[in-house]
Amino acid sequence: MSQVSELVFAPEWDQPIRYIERTRSYYLGLGYDNPYVWAHYAEVPFAPLKKPLNQSVLALITTAVPYDPQKGDQGPGAPYNAAAKFYKPYQESIDANADLRIAHVGIDRKNANMEDGHCWFPLEAAKQAKKSGRIKALSPHFYGLPTNRSQRHTLEIDAPMIVEMLRADHVDVAILIPNCPICHQSQSLLARYLEAEGISTVVMGAAKDIVEYCGVPRFLFSDFPLGNAAAKPHDAASRQLNFELALRLLESAPAPRTTVQSPLVWSSNPTWKLDYSNLERLSKDEVARLRDEAEKARITARELRLNSVGS
(Lines give C-alpha, C1' and ligand atoms only; values in the text may rest on other atoms or scores of the structure.)
Protein backbone atom coordinates (compact mmCIF):
# COMPACT_ATOMS: atom_id res chain seq x y z
CA MET A 1 0.00 0.00 0.00
CA SER A 2 1.56 3.32 -1.05
CA GLN A 3 2.21 5.94 1.55
CA VAL A 4 0.00 9.01 1.29
CA SER A 5 2.12 12.10 0.73
CA GLU A 6 1.86 14.89 3.29
CA LEU A 7 -0.65 17.59 2.43
CA VAL A 8 0.89 21.04 2.11
CA PHE A 9 -1.52 23.87 2.89
CA ALA A 10 -1.10 27.63 2.80
CA PRO A 11 -0.64 29.31 6.20
CA GLU A 12 -3.87 29.69 8.16
CA TRP A 13 -3.62 33.50 8.08
CA ASP A 14 -3.22 33.60 4.29
CA GLN A 15 -6.88 34.42 3.70
CA PRO A 16 -8.84 37.66 3.42
CA ILE A 17 -8.38 39.63 6.65
CA ARG A 18 -11.44 39.61 8.87
CA TYR A 19 -11.58 43.34 9.44
CA ILE A 20 -14.84 43.36 11.39
CA GLU A 21 -13.38 40.96 13.92
CA ARG A 22 -9.91 42.57 13.87
CA THR A 23 -11.13 46.14 14.44
CA ARG A 24 -13.60 45.08 17.12
CA SER A 25 -10.85 43.36 19.09
CA TYR A 26 -8.52 46.29 18.52
CA TYR A 27 -10.84 48.96 19.89
CA LEU A 28 -11.94 46.79 22.78
CA GLY A 29 -8.25 46.41 23.60
CA LEU A 30 -7.83 50.18 23.52
CA GLY A 31 -10.62 50.51 26.08
CA TYR A 32 -13.62 51.36 23.90
CA ASP A 33 -16.28 49.01 25.27
CA ASN A 34 -19.09 49.78 22.82
CA PRO A 35 -18.34 47.74 19.68
CA TYR A 36 -19.35 49.29 16.38
CA VAL A 37 -22.39 47.75 14.67
CA TRP A 38 -21.64 47.23 10.98
CA ALA A 39 -24.28 47.62 8.28
CA HIS A 40 -25.81 44.31 7.21
CA TYR A 41 -28.62 43.65 4.73
CA ALA A 42 -30.38 40.54 3.49
CA GLU A 43 -31.60 42.08 0.23
CA VAL A 44 -29.39 43.83 -2.32
CA PRO A 45 -30.63 46.13 -5.12
CA PHE A 46 -29.33 45.39 -8.61
CA ALA A 47 -29.39 47.62 -11.69
CA PRO A 48 -28.32 45.80 -14.88
CA LEU A 49 -26.51 47.86 -17.49
CA LYS A 50 -28.97 49.86 -19.53
CA LYS A 51 -26.57 50.03 -22.50
CA PRO A 52 -23.16 48.70 -23.43
CA LEU A 53 -20.12 50.25 -21.73
CA ASN A 54 -18.94 51.71 -25.03
CA GLN A 55 -22.14 53.78 -24.95
CA SER A 56 -21.94 54.61 -21.23
CA VAL A 57 -20.57 57.48 -19.13
CA LEU A 58 -18.49 56.22 -16.20
CA ALA A 59 -17.79 57.95 -12.89
CA LEU A 60 -15.15 57.36 -10.22
CA ILE A 61 -16.10 57.81 -6.57
CA THR A 62 -13.36 57.93 -3.94
CA THR A 63 -12.93 58.36 -0.19
CA ALA A 64 -9.55 60.03 -0.74
CA VAL A 65 -9.31 63.79 -0.31
CA PRO A 66 -7.59 66.57 -2.30
CA TYR A 67 -4.34 67.56 -0.63
CA ASP A 68 -4.44 70.68 1.53
CA PRO A 69 -1.00 71.60 2.90
CA GLN A 70 -2.64 73.61 5.67
CA LYS A 71 -4.02 70.41 7.22
CA GLY A 72 -0.75 68.84 8.29
CA ASP A 73 1.28 65.87 7.12
CA GLN A 74 -0.49 63.83 4.46
CA GLY A 75 2.47 62.52 2.50
CA PRO A 76 4.10 59.09 2.30
CA GLY A 77 4.54 57.66 5.79
CA ALA A 78 2.19 60.21 7.37
CA PRO A 79 0.50 59.12 10.60
CA TYR A 80 -3.27 59.09 10.88
CA ASN A 81 -4.35 62.70 10.33
CA ALA A 82 -7.90 63.38 11.47
CA ALA A 83 -7.50 67.08 10.66
CA ALA A 84 -7.54 66.21 6.94
CA LYS A 85 -10.96 64.53 7.10
CA PHE A 86 -13.90 65.85 5.09
CA TYR A 87 -17.60 65.54 5.88
CA LYS A 88 -19.32 66.89 2.79
CA PRO A 89 -19.37 65.14 -0.61
CA TYR A 90 -17.32 66.94 -3.22
CA GLN A 91 -16.67 66.88 -6.95
CA GLU A 92 -13.49 67.83 -8.82
CA SER A 93 -12.65 68.06 -12.51
CA ILE A 94 -10.94 64.97 -13.91
CA ASP A 95 -8.63 67.35 -15.80
CA ALA A 96 -7.44 69.26 -12.73
CA ASN A 97 -4.41 67.04 -11.95
CA ALA A 98 -5.88 66.32 -8.55
CA ASP A 99 -3.49 65.29 -5.79
CA LEU A 100 -5.55 62.92 -3.67
CA ARG A 101 -4.31 61.69 -0.28
CA ILE A 102 -5.40 59.00 2.18
CA ALA A 103 -3.72 60.06 5.44
CA HIS A 104 -7.10 60.98 6.94
CA VAL A 105 -8.33 57.37 7.15
CA GLY A 106 -7.28 54.11 8.81
CA ILE A 107 -5.27 52.45 6.06
CA ASP A 108 -2.53 49.85 6.56
CA ARG A 109 0.36 52.24 7.15
CA LYS A 110 2.91 49.47 7.56
CA ASN A 111 2.26 47.73 4.23
CA ALA A 112 0.28 50.00 1.90
CA ASN A 113 2.02 52.47 -0.39
CA MET A 114 1.11 56.12 0.33
CA GLU A 115 3.17 57.56 -2.53
CA ASP A 116 1.61 56.14 -5.68
CA GLY A 117 -1.91 57.53 -6.04
CA HIS A 118 -2.74 54.96 -8.73
CA CYS A 119 -3.01 52.46 -5.85
CA TRP A 120 -6.18 54.11 -4.57
CA PHE A 121 -7.46 56.24 -7.46
CA PRO A 122 -7.54 54.59 -10.93
CA LEU A 123 -8.09 57.77 -12.95
CA GLU A 124 -5.30 56.97 -15.40
CA ALA A 125 -6.73 53.51 -16.06
CA ALA A 126 -10.18 55.04 -16.57
CA LYS A 127 -8.79 57.55 -19.07
CA GLN A 128 -7.12 54.71 -20.92
CA ALA A 129 -10.44 52.86 -21.05
CA LYS A 130 -12.00 55.96 -22.62
CA LYS A 131 -9.12 56.31 -25.08
CA SER A 132 -9.41 52.69 -26.21
CA GLY A 133 -13.18 52.94 -26.65
CA ARG A 134 -13.90 50.54 -23.80
CA ILE A 135 -16.24 53.17 -22.36
CA LYS A 136 -17.96 56.02 -24.17
CA ALA A 137 -16.83 58.73 -21.80
CA LEU A 138 -15.68 59.62 -18.34
CA SER A 139 -17.80 61.92 -16.27
CA PRO A 140 -16.27 65.43 -16.31
CA HIS A 141 -15.87 65.13 -12.55
CA PHE A 142 -14.81 62.56 -9.99
CA TYR A 143 -16.60 62.51 -6.66
CA GLY A 144 -15.61 62.30 -3.01
CA LEU A 145 -17.67 60.42 -0.46
CA PRO A 146 -17.05 61.19 3.22
CA THR A 147 -16.05 58.36 5.54
CA ASN A 148 -19.02 58.42 7.89
CA ARG A 149 -19.49 56.16 10.89
CA SER A 150 -23.12 57.24 10.78
CA GLN A 151 -24.81 54.91 8.32
CA ARG A 152 -27.94 57.07 8.49
CA HIS A 153 -26.02 60.19 7.48
CA THR A 154 -24.41 58.37 4.55
CA LEU A 155 -27.77 57.14 3.28
CA GLU A 156 -29.91 60.19 4.02
CA ILE A 157 -27.50 63.08 3.38
CA ASP A 158 -24.37 62.05 1.47
CA ALA A 159 -25.82 59.53 -1.00
CA PRO A 160 -28.58 61.84 -2.32
CA MET A 161 -25.99 64.58 -2.84
CA ILE A 162 -23.77 62.22 -4.84
CA VAL A 163 -26.74 61.09 -6.94
CA GLU A 164 -27.58 64.70 -7.74
CA MET A 165 -24.00 65.26 -8.92
CA LEU A 166 -24.04 62.12 -11.05
CA ARG A 167 -27.39 62.98 -12.63
CA ALA A 168 -26.09 66.43 -13.58
CA ASP A 169 -23.13 64.77 -15.32
CA HIS A 170 -25.33 62.13 -17.06
CA VAL A 171 -23.49 59.22 -15.42
CA ASP A 172 -24.59 55.70 -16.34
CA VAL A 173 -22.17 53.55 -14.30
CA ALA A 174 -19.86 54.13 -11.34
CA ILE A 175 -16.75 52.56 -9.87
CA LEU A 176 -16.36 53.11 -6.13
CA ILE A 177 -12.93 52.83 -4.50
CA PRO A 178 -12.81 52.75 -0.67
CA ASN A 179 -9.72 52.81 1.55
CA CYS A 180 -10.26 52.21 5.29
CA PRO A 181 -12.71 49.81 6.98
CA ILE A 182 -15.39 52.49 7.45
CA CYS A 183 -14.71 53.70 3.89
CA HIS A 184 -15.65 50.22 2.66
CA GLN A 185 -18.94 50.42 4.53
CA SER A 186 -19.72 53.95 3.32
CA GLN A 187 -19.00 53.03 -0.29
CA SER A 188 -21.05 49.85 0.03
CA LEU A 189 -24.01 51.86 1.32
CA LEU A 190 -23.60 54.30 -1.55
CA ALA A 191 -23.40 51.47 -4.10
CA ARG A 192 -26.70 50.14 -2.81
CA TYR A 193 -28.28 53.59 -3.03
CA LEU A 194 -27.03 54.19 -6.58
CA GLU A 195 -28.30 50.82 -7.76
CA ALA A 196 -31.75 51.62 -6.38
CA GLU A 197 -31.54 54.82 -8.44
CA GLY A 198 -30.71 52.85 -11.59
CA ILE A 199 -26.96 53.51 -11.74
CA SER A 200 -24.90 50.33 -12.11
CA THR A 201 -21.91 50.07 -9.77
CA VAL A 202 -18.88 48.03 -8.85
CA VAL A 203 -16.87 48.41 -5.64
CA MET A 204 -13.09 47.95 -5.97
CA GLY A 205 -12.07 47.11 -2.42
CA ALA A 206 -9.75 45.27 -0.07
CA ALA A 207 -12.03 44.58 2.93
CA LYS A 208 -13.98 41.57 1.72
CA ASP A 209 -15.87 40.83 4.90
CA ILE A 210 -17.17 44.39 5.35
CA VAL A 211 -18.40 44.76 1.76
CA GLU A 212 -20.02 41.34 1.58
CA TYR A 213 -21.55 41.69 5.06
CA CYS A 214 -23.21 44.94 4.00
CA GLY A 215 -24.24 43.45 0.65
CA VAL A 216 -23.45 45.07 -2.71
CA PRO A 217 -24.35 44.26 -6.31
CA ARG A 218 -20.80 43.84 -7.68
CA PHE A 219 -17.50 43.64 -5.84
CA LEU A 220 -13.98 43.35 -7.22
CA PHE A 221 -11.87 42.14 -4.31
CA SER A 222 -8.11 42.62 -4.27
CA ASP A 223 -6.29 40.88 -1.43
CA PHE A 224 -4.13 43.96 -0.86
CA PRO A 225 -3.45 46.18 2.16
CA LEU A 226 -6.11 48.75 3.02
CA GLY A 227 -5.50 51.90 1.01
CA ASN A 228 -4.21 50.15 -2.10
CA ALA A 229 -7.33 48.45 -3.47
CA ALA A 230 -6.91 49.69 -7.06
CA ALA A 231 -3.43 48.43 -7.91
CA LYS A 232 0.04 47.43 -6.81
CA PRO A 233 2.45 50.38 -6.45
CA HIS A 234 4.36 51.54 -9.52
CA ASP A 235 2.85 48.71 -11.55
CA ALA A 236 1.01 49.86 -14.67
CA ALA A 237 0.03 46.33 -15.65
CA SER A 238 -1.72 45.73 -12.32
CA ARG A 239 -3.81 48.87 -12.52
CA GLN A 240 -4.88 48.11 -16.10
CA LEU A 241 -5.77 44.53 -15.18
CA ASN A 242 -7.81 45.45 -12.13
CA PHE A 243 -9.69 48.19 -13.94
CA GLU A 244 -10.54 45.88 -16.80
CA LEU A 245 -11.78 43.29 -14.30
CA ALA A 246 -14.06 45.95 -12.80
CA LEU A 247 -15.46 46.75 -16.24
CA ARG A 248 -16.03 43.09 -17.02
CA LEU A 249 -17.83 42.70 -13.72
CA LEU A 250 -20.16 45.55 -14.65
CA GLU A 251 -20.95 43.70 -17.86
CA SER A 252 -21.19 40.13 -16.63
CA ALA A 253 -22.54 40.01 -13.06
CA PRO A 254 -25.64 37.80 -13.24
CA ALA A 255 -27.17 38.94 -9.97
CA PRO A 256 -26.44 40.99 -6.82
CA ARG A 257 -23.71 39.85 -4.42
CA THR A 258 -21.40 38.93 -7.29
CA THR A 259 -17.79 38.96 -6.07
CA VAL A 260 -14.76 38.51 -8.32
CA GLN A 261 -11.30 38.21 -6.80
CA SER A 262 -8.38 39.75 -8.64
CA PRO A 263 -5.68 37.15 -9.38
CA LEU A 264 -2.97 39.63 -8.35
CA VAL A 265 -0.93 38.73 -5.26
CA TRP A 266 0.45 41.49 -3.06
CA SER A 267 3.45 39.59 -1.77
CA SER A 268 4.84 36.08 -1.80
CA ASN A 269 5.05 36.40 1.98
CA PRO A 270 1.52 36.67 3.46
CA THR A 271 2.65 37.72 6.95
CA TRP A 272 1.69 41.33 6.12
CA LYS A 273 -1.87 40.24 6.86
CA LEU A 274 -1.01 39.90 10.56
CA ASP A 275 -0.09 43.56 11.04
CA TYR A 276 -3.23 45.67 10.71
CA SER A 277 -4.86 46.57 14.07
CA ASN A 278 -3.46 43.43 15.67
CA LEU A 279 -2.92 43.95 19.40
CA GLU A 280 -1.15 40.62 19.68
CA ARG A 281 1.80 42.16 17.82
CA LEU A 282 2.02 45.26 20.03
CA SER A 283 3.63 45.93 23.39
CA LYS A 284 1.73 47.43 26.34
CA ASP A 285 3.49 50.74 25.79
CA GLU A 286 2.47 50.74 22.14
CA VAL A 287 -1.14 49.98 23.04
CA ALA A 288 -1.16 52.86 25.54
CA ARG A 289 0.29 55.21 22.93
CA LEU A 290 -2.28 54.15 20.35
CA ARG A 291 -5.10 54.63 22.84
CA ASP A 292 -3.92 58.20 23.44
CA GLU A 293 -3.62 58.86 19.71
CA ALA A 294 -7.06 57.38 19.01
CA GLU A 295 -8.69 59.60 21.62
CA LYS A 296 -7.01 62.74 20.29
CA ALA A 297 -8.04 61.83 16.74
CA ARG A 298 -11.61 61.18 17.87
CA ILE A 299 -11.85 64.63 19.44
CA THR A 300 -10.32 66.31 16.38
CA ALA A 301 -12.68 64.49 14.01
CA ARG A 302 -15.71 65.33 16.17
CA GLU A 303 -14.85 69.04 16.22
CA LEU A 304 -14.25 69.04 12.49
CA ARG A 305 -17.55 67.31 11.87
CA LEU A 306 -19.45 69.75 14.08
CA ASN A 307 -17.92 72.68 12.24
CA SER A 308 -18.59 71.07 8.86
CA VAL A 309 -22.07 69.53 9.05
CA GLY A 310 -23.19 70.50 12.54
CA SER A 311 -23.83 67.02 13.94
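FYI, side chains are in, hydrogens and waters are out, and symmetry mates aren't considered; it's all heavy atoms of this structure.
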Original post:
Can you list the residues that meet the salt bridge (Lys or Arg N to Asp or Glu O under 4.0 Å) rule with Glu244, with sequence neighbours excluded?
Top reply: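 Only Arg134, Arg248 meet the salt bridge (Lys or Arg N to Asp or Glu O under 4.0 Å) criterion with Glu244.
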Any side-chain donor-acceptor pair under 3.5 Å between [X] and [Y]?
{"X": "Gln128", "Y": "Gln240", "value": "no"}
{"X": "Tyr19", "Y": "Gln185", "value": "no"}
{"X": "Glu156", "Y": "Tyr193", "value": "no"}
{"X": "Ser200", "Y": "Asp172", "value": "no"}
{"X": "Thr271", "Y": "Asn269", "value": "yes"}

Polar side-chain atom of [X] near backbone of [Y] as donor-acceptor pair, under 3.5 Å:
{"X": "Arg239", "Y": "His118", "result": "no"}
{"X": "Tyr276", "Y": "Asn111", "result": "no"}
{"X": "Ser238", "Y": "Ala231", "result": "no"}

Quick one: side chains of residues 300-307, donor-acceptor pairs under 3.5 Å with protein atoms, not counting sequence neighbours, listed by atom name and distance.
{"unit_1": "Thr300", "atom_1": "OG1", "unit_2": "Lys296", "atom_2": "O", "d": "3.0"}
{"unit_1": "Arg305", "atom_1": "NE", "unit_2": "Ser311", "atom_2": "O", "d": "2.5"}
{"unit_1": "Arg305", "atom_1": "NH1", "unit_2": "Asn148", "atom_2": "OD1", "d": "2.3"}
{"unit_1": "Arg305", "atom_1": "NH2", "unit_2": "His153", "atom_2": "ND1", "d": "3.4"}
{"unit_1": "Asn307", "atom_1": "ND2", "unit_2": "Glu303", "atom_2": "O", "d": "3.2"}

Anything under 3.5 Å between a donor and an acceptor, one on a side chain of residues 86-98, the other on a protein residue two or more places apart or in another chain? List them.
{"unit_1": "Lys88", "atom_1": "NZ", "unit_2": "Ser308", "atom_2": "O", "d": "3.4"}
{"unit_1": "Tyr90", "atom_1": "OH", "unit_2": "Ala64", "atom_2": "O", "d": "2.7"}
{"unit_1": "Ser93", "atom_1": "OG", "unit_2": "Asp95", "atom_2": "N", "d": "3.1"}

Original post:
So Thr201 and Val173, side chain to side chain contact (heavy atoms under 4.5 Å, CB included) or not? Walk me through it.
Top reply: CA-CA 6 Å; Thr201 67; Val173 298; over 6 Å; no
**OP:** Using ring pair (Phe, Tyr, Trp, His ring centres under 6.0 Å) as the criterion, list what pairs up with Tyr213, not counting sequence neighbours.
**Re:**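 Checked Tyr213 against ring pair (Phe, Tyr, Trp, His ring centres under 6.0 Å); matches are His40.
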**OP:** Please indicate whether Glu251 has more than 12 foreign heavy atoms, meaning atoms of other residues, nucleotides or ligands, lying under 6.0 Å from its CD.
**Re:**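 Enclosed.
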Original post:
Does the salt bridge (charged side-chain N to carboxylate O under 4.0 Å, His left out) test come out yes or no for Lys110 and Asp275, once each step is laid out?
Top reply: CA-CA 7 Å; Lys110 184 171 182 179; Asp275 291 327; 3.6 Å; yes
Original post:
Mind checking whether Phe121 and Leu138 sit in one hydrophobic cluster, side chains of I, L, V, M, F, W, Y counted as touching below 4.5 Å?
Top reply: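 Yes; tracing contacts between hydrophobic side chains, which count when under 4.5 Å, links both residues.
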Original post:
Any ion pair linking Lys208 and Asp223 (charged N to carboxylate O, less than 4.0 Å)?
Top reply: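 The answer is no: the pair does not qualify as a salt bridge.
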Original post:
Does Arg192 come within less than 4.0 Å of Glu195, counting only side-chain N to carboxylate O?
Top reply: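 Judged by the 4.0 Å cut-off on N to carboxylate O distance, Arg192 and Glu195 do not form a salt bridge.
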Original post:
Among Met165, Arg167, Met161, which one satisfies side chain to side chain contact (heavy atoms under 4.5 Å, CB included) with Val163?
Top reply: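 Single side chain to side chain contact (heavy atoms under 4.5 Å, CB included) partner of Val163 among Met165, Arg167, Met161: Arg167.
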**OP:** Write out all pairs satisfying side-chain hydrogen bond (donor to acceptor under 3.5 Å, both in side chains) with one or both partners inside residues 70-82, taking only residues at least two apart or from two chains.
**Re:**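 Sorted result for residues 70-82: Tyr80-Lys85.
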Original post:
Run the side chain to side chain contact (heavy atoms under 4.5 Å, CB included) check on Phe142 and Leu100 step by step: do they pass?
Top reply: CA-CA 11 Å; Phe142 64 87; Leu100 298 184; 3.9 Å; yes
**OP:** Sequence neighbours left out, what pairs pass salt bridge (Lys or Arg N to Asp or Glu O under 4.0 Å) with at least one residue falling in residues 175-185?
**Re:**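 For residues 175-185: none.
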